[in-house]
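Please read the structure below before turning to the comments.
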Amino acid sequence: MNFDIKDLPYAQFEKLGLSKKEVLDMKPEDLASMLSGNRTGLMTLNVELGGGQRFEADVKLSLFRNPDNSLSLQVHPVRAHVRNDIGATEKEIEQLQRGKLLLRDHTARNGETEKHFFQLDPETNEIVRARVRDFLVPNAIKDVVLSADQKEQLRQGKVVGLESKDTNQIIRARVDLTQPRGFTARAETPQQGISRSEGDVKPPGPKR
């Protein structure tokens, strides 16, 4: 889901100490992430509490759409500990802490149960989630056009190996909710054993 920059809730940003100009002057990748329904990178906010007191915090920001079609700002602070707000088992929490991606059923607030991706954001200690049906799989990564089978493997949370004919590299793509674009694509050169992370693929739907 994409949001329009003209619909940004600037009044809510101002409460966090960010003027409209500062919002529009954000790093391009952070602004693009918010407008695509994802989180920004970490940023430090200096919020005025009143009485001359100020509060400084490192957070990530994201947007969500309200029932009336307006947008609201969501703040994702850095937490000291992982908050298990998805009913994960102890084993699943351990998997998340090791950087694993979980794919399982989850019941939303509206009572609907459907498949979700879950991953731990190591910078904030927040469990990031995304509905699988909102997931937008790219038609191509770099110079490689994805087959229907490869797209389905990505939707299942699997690592997909792609052979680049132009660069003679193997590109290993997978869902990564901790990345602003929602994907990690790692290019590997077999002869040299060199790998390089890339992030220029289409993002998934909004993460909650």
Side-chain angles (χ1 to χ4, degrees), residues 1-83 85 99 101 117-131 134-142 171 173-187 195-208:
M1 180 182 296
N2 291 325
F3 304 124
D4 197 311
I5 197 167
K6 67 180 177 61
D7 296 327
L8 289 177
Y10 293 109
Q12 295 180 31
F13 281 103
E14 289 178 359
K15 291 180 180 179
L16 297 178
L18 295 173
S19 66
K20 180 177 180 179
K21 182 179 185 304
E22 289 172 320
V23 173
L24 297 177
D25 287 343
M26 279 183 179
K27 294 178 181 179
E29 58 268 29
D30 283 337
L31 191 56
S33 291
M34 277 202 305
L35 292 176
S36 65
N38 298 315
R39 291 164 167 74
T40 65
L42 273 179
M43 59 179 64
T44 301
L45 297 182
N46 198 321
V47 184
E48 185 174 354
L49 300 178
Q53 295 183 329
R54 304 192 71 84
F55 175 73
E56 189 173 279
D58 292 329
V59 305
K60 292 185 179 183
L61 301 177
S62 67
L63 298 167
F64 65 92
R65 192 173 296 282
N66 298 306
D68 63 1
N69 213 37
S70 64
L71 298 182
S72 285
L73 187 62
Q74 189 164 358
V75 180
H76 308 274
V78 174
R79 305 177 186 277
H81 305 285
V82 178
R83 186 178 70 177
D85 57 354
L101 179 76
F117 291 118
F118 296 95
Q119 193 170 1
L120 183 67
D121 184 339
E123 294 183 315
T124 63
N125 263 336
E126 181 180 9
I127 298 176
V128 184
R129 70 192 72 179
R131 291 186 302 189
D134 286 335
F135 199 73
L136 301 178
V137 179
N139 291 320
I141 296 177
K142 288 297 187 180
I171 301 172
R174 68 179 180 89
V175 177
D176 190 342
L177 304 183
T178 68
Q179 296 298 313
R181 293 181 180 273
F183 266 96
T184 293
R186 184 175 297 277
S195 65
R196 181 167 58 91
S197 291
E198 301 288 350
D200 53 353
V201 290
K202 295 180 182 179
K207 293 174 280 190
R208 292 285 178 263

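Note that this is a predicted model, so its numbers are computed, not measured. We number each residue from 1, following the sequence as shown.
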Next item on the list: State which residues pass ring-ring contact (aromatic ring centres under 6.0 Å, His included) with Phe118; sequence neighbours excluded, sorted by chain then number.
Entry: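 Applying ring-ring contact (aromatic ring centres under 6.0 Å, His included) to Phe118 gives His106, His116.
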
Next item on the list: Check side chain to side chain donor-acceptor pair (under 3.5 Å) between Lys6 and all other residues, then give those that pass, not counting sequence neighbours.
Entry: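 Per chain and number, Lys6 pairs via side chain to side chain donor-acceptor pair (under 3.5 Å) with no residue.
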
Notebook entry, point to check: Is it true that a side-chain atom of Ser70 and a backbone atom of Asn66 form a donor plus acceptor pair closer than 3.5 Å?
Noted result: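 Not confirmed, Ser70 side chain does not pair with Asn66 backbone.
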
In Å and rounded to the nearest 0.5 Å, what is the [atom1] to [atom2] distance from [X] to [Y]?
| X | Y | atom1 | atom2 | answer |
| --- | --- | --- | --- | --- |
| Ser62 | Met34 | OG | CE | 9.0 Å |
| Arg65 | Asp7 | CZ | CG | 6.5 Å |
| Thr178 | Leu101 | OG1 | CG | 10.0 Å |
| Asp121 | Arg79 | CG | CZ | 11.0 Å |
| Arg39 | Thr124 | CZ | OG1 | 7.0 Å |

Looking at side-chain heavy atoms only, is the closest gap between [X] and [Y] below 4.5 Å?
| X | Y | value |
| --- | --- | --- |
| Asn125 | Val78 | no |
| Leu35 | Leu8 | yes |
| Leu61 | Asp30 | no |
| Val59 | Leu42 | no |
| His76 | Val128 | no |
| Arg129 | Asp85 | yes |

Next item on the list: Identify whether the distance between the nearest side-chain nitrogen and carboxylate oxygen of Lys60 and Glu123 falls below 4.0 Å.
Entry: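 Salt bridge: yes.
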
